[in-house]
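To start, the structure under review is shown below, and the notes come after it.
What you see is a predicted model, and the numbers here were worked out from it, not measured in a lab. Order of appearance sets the numbers: ligands from 1, and atoms from 1 within every ligand. Note that the numbering runs from 1 along the sequence shown for the chain.
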Amino acid sequence: MTPQNPYLAIERGAPGHIGWRIHYFDEIDSTQEAARELAASGADQGTLVIAERQTAGRGRMGRTWHSPSGVNLYTTIILRPPIPLADVPRMSLVAGVAAAEALEREAPGIVALKWPNDVWLRGRKAGGIIAEAVTDARQNLDCVLLGIGININLAADDIPVELRDKATSMRIATGHACDRIAIADSLFNLLDSRYMETVTRGFDAVRPAWERFSALTGRRIAIVDGDRRQTGVVKGIDATGALLLDIGDRVERIVAGEVSVEGAYE
Ligand code: BTN
């Protein structure tokens, strides 16, 4: 039997707008794969997939995304932006802004973004974003599968032991349970606005909002990309979303890598 879709109530707008159509699954391997199939069969921009549980949730860099049932938000949004393939990573920064703005409504003052695409609450990771590009036969961008995972009502005991000092949820950080549907509703609305803003005016229009949440600006960090490791003080991000790192004698533009922060965040 197909489960009742509790997110039906927040479907809105015309095709093309984020959340105009919501496909809901009780259990799935990964919302990224369901969205990939929908996109291949011509689904309009703004179509999204939500699952209660993922059996093979994917994170960045080949990691798995812990996806227990009934407590969090796991969603993938199909976007068809008129941008070159190289600009796709910016979409995850735009989603980060919308996620931070949505969480801030429920948890003011404790939300931050860690470049490139982690959402933090009180200095621990509560959400992650992945932007996967789908290309056509000529290697042009066909669509972006924008995956967002947010720990909402995950209890501390349900965090895998190896992540306990790094991960959190809205419930843990605020001390109370939160309404997943209301958070999803805010997220999709805010993302629709921020995405349209980016498509019409460019990423630079959204950059100040990203900077407002930046957890790293002014902090000394280390960044590792393959076998290259650099340390420096973060100056912010540029108009393309690259991290600006002051390494002493100059400012480097960093486009990829895994960041670790020196010293405690709080
Ligand atoms: C990260 O590593 O921080 C990115 C995590 C992205 C997780 C989300 S959950 C919904 C969507 N489906 C997946 O399999 N992954 C993304």
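Ligand 1 has an N or O atom lying under 3.5 Å from an N or O atom of Ser30, backbone or side chain.
When the side chains of ILVMFWY residues are joined at heavy-atom separations under 4.5 Å, either directly or via intervening members, Ile148 and Tyr7 end up in a single hydrophobic cluster. With hydrophobic clusters built from ILVMFWY side chains whose heavy atoms lie under 4.5 angstrom apart, Leu103 shares a cluster with Ile18. Placement of Ile181 and Ile77 within a single hydrophobic cluster is found when ILVMFWY residues are connected by side-chain heavy-atom separations under 4.5 Å, directly or transitively.
Under a 4.0 Å criterion applied to the non-hydrogen atoms of Thr76, ligand 1 contributes the atoms 11 (C). Near Gly59, meaning under 4.0 Å from any of its heavy atoms, are these atoms of ligand 1: 1 (C), 2 (O), 4 (C), 5 (C). If you number the atoms of ligand 1 from 1 as listed, the ones under 4.0 Å from a heavy atom of Gly57 come out as 14 (O). Set against the non-hydrogen atoms of Thr75, the atoms of ligand 1 under 4.0 Å away are 10 (C), 11 (C).
With respect to atom 2 (O) of ligand 1, the closest heavy atom belonging to the protein is Arg60 N, 2.6 Å. Considering only non-hydrogen protein atoms, atom 9 (S) of ligand 1 sits nearest to Gln54 NE2, 3.5 Å. The shortest contact between atom 5 (C) of ligand 1 and any protein heavy atom is with Trp65 CE3, 3.4 Å. Lys125 NZ, 2.6 Å is the protein heavy atom nearest to atom 3 (O) of ligand 1. Counting protein heavy atoms only, atom 16 (C) of ligand 1 is closest to Arg58 O, 3.8 Å. Ranking the protein heavy atoms by distance from atom 10 (C) of ligand 1 puts Thr31 OG1, 3.3 Å first.
Between Glu252 and Arg250 there is a salt bridge, with a side-chain nitrogen of the basic residue lying less than 4.0 Å from a carboxylate oxygen of the acidic one.
Side chains of Thr47 and Trp20: a donor on one and an acceptor on the other come within 3.5 Å.
Distance check, rounded to the nearest 0.5 Å: CG of Asn151 to OH of Tyr74 gives 6.5 Å.
The backbone N or O of Glu37 sits less than 3.5 Å from a side-chain atom of Ser41, completing a donor-acceptor pair. Judged purely by atom type and a 3.5 angstrom limit, Ser67 uses its side chain to pair as donor or acceptor with the backbone of Trp65.
In Asn117, neither the side chain nor the backbone holds a heavy atom less than 4.0 Å from any atom of ligand 1.
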